[in-house]
Amino acid sequence: MEARTLTTRLDPVELLQALIRNACVNDGQRESGQEVRNADALEAYLGTSGIETERFEAAPGRVSLVARIEGSQPDAPALCLMGHTDVVPVNPSGWDRDLFGGELIDGEVWGRGAVDMLNLTATMAVAFRELARTGFRPRGDVIFFAVADEESGSSYGAQWIATHHWDAIGADFVLTEGGGLHGGTAQAPIVTVSVAEKGVSWRRLQVRGEPGHGSMPYRTNNALVKAAAVVMRLADYAPRARLHEFWGSHVAALDVDDDAKRVLLDAGALDDALAQMENAGLARHLHACSHTTFSCNVIAGGVKTNVIPDRVDLEVDVRMLPGEDEDAVGRHLRDALGDLADDVEIDTLFAHLPSTSPVNTRLWDSIERAVAKHFASTRLAPILHMGFTDARVFRERGSVAYGAGLFDATLASGDFARRFHGNNERIDVESLRLTTDFWLDVVRDFDSHIST
Ligand SMILES: [Zn+2]
């Protein structure tokens with residue numbers, strides 16, 4: 001048995017199934033997630049090849065794992081493969097299969113986390129173990145970082161470890177989630193690499209009024225009525241599109257004809273084109289990619305049916321484009337609220353700036369070669385990621401971080417996007433195989449281009 005585990009490259013399917021079944025659901029509470037279960041599974045898996053791991057526990061059960069293949073040259077760049085081990089909560093209605101069954105059905109592994117991002121975490125672990133098993137001796141350190149709490153802002157994961165144990169995870173280059181999908185046209189196929197993320201600013205707007213009796217509403221200062229107006233102003237607020245540096249390659253990645261692309265690349269015509277676009281899902285995606293957005297998502301206020309409320313709290317999810325900051329968000333909100341701004345007190349609940357990594361790097365070149373090995377005529381397209389990932393934690397500290405991977409060419413990016421935090425999350429076995437190969441190719445290529 002020993003000989004078998006030491007000579008065969010374990011299939012990522014089995015490992016992914018184990019990670020899904022552990023159901024490390026992160027609902028934002030400190031005691032949720034319990035990523036210790038996936039840390040244990042990965043530790044056991046890597047341990048079969050004698051790989052030593054280090055554990056970091058930011059709160060009880062919130063365990064992250066680090067493994068390292070030490071480089072022979074202390075000044076050579078370190079490369080980290082980072083995968084999160086938590087998953088988002090899931091509502092069983094709308095699912096056709098067991099949410100945490102990890103079932104393999106018709107060549108696809110089903111379950112929460114199958115695309116975000118246990119698929120990548122599992123394939124990273126398989127590739128890392130394969131490197132160690134085959135005696136790979138890199139020049140720079142190669143690190144595998146299986147991290148907790150990505151889905152709720154990283155305070156029990158990457159953020160915490162970066163603050164308290166940067167030495168354990170610090171790397172010049174980082175690969176994580178957000179890319180690897182095919183797009184473009186048959187003549188100009190591309191694979192996406194996420195090189196930037198929008199910033200986030202979660203704001204609470206306290207709308208003030210004056211209390212009174214619900215039997216006499218005339219000429220009162222009702223905070224709820226005012227909050228309704230605030231919501232409508234934010235919903236109607238439409239700052240113009242801004243075509244940032246990644247917009248061009250984002251458009252190139254679309255499977256639409258050249259005329260449609262020309263319109264999308266015209267800042268003056270873009271907003272009208274989005275408004276008229278038949279495919280609302282695509283319009284929503286392209287709008288987010290070209291605008292700072294404001295989404296009113298939580299409202300709380302009022303005490304009793306017969307009491308006019310004097311305070312209503314509104315929570316707004318703001319996502320800012322590269323080049324903007326908290327001050328810019330404040331200006332947007334004032335513009336949106338107009339004369340209502342004076343009656344609203346705004347504070348920030350959670351925020352981080354947009355982050356970007358350059359594309360002219362040695363890691364970029366390695367990714368290009370690794371993709372070309374399987375898809376010869378395919379080019380890389382650098383894209384802006386709408387959500388946030390732990391890449392930002394590394395970019396803030398000067399690392400180059402990309403969201404990458406390599407999926408099967410028949411996996412449509414729209415289908416993939418719908419499974420993200422969505423129903424019927426699943427991944428095909430071919431994509432798991434390709435991505436495993438991709439990590440191996442990138443790590444080996446990256447190292448082979450470091451001069452001795
Ligand atoms: Zn994720």
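Given the structure is predicted, the values throughout are model-derived calculations rather than measurements. Just so you know, ligand 1 is whichever comes first in the structure, and atom 1 is the first atom listed for that ligand.
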Practice problem: Kindly confirm whether the Zn ion (ligand 1) is within less than 2.8 Å of some N/O/S atom in Glu150? | Solution: no
Quiz item: For Glu177, what is the atom name of its N, O or S atom nearest to the Zn ion (ligand 1)?
Solution: OE1
Exercise. Using a 4.5 Å cut-off on heavy atoms from C-beta on, say whether the side chain of Phe407 contacts that of Ile427.
Key: yes
Self-check item: Residues Asp327, Arg331: salt bridge by 4.0 Å N-O rule
Solution: no
Quiz item: For the ring pair His164 and Phe56, is the centre-to-centre distance below 6.0 Å?
Solution: no
Exercise. Inspect the contact between Glu35 and Arg62 and indicate whether a charged nitrogen and a carboxylate oxygen are less than 4.0 angstrom apart.
Key: yes
Quiz item: When you measure from the Zn ion (ligand 1) to each N, O or S atom of Asp116, which atom gives the shortest distance?
Solution: OD1
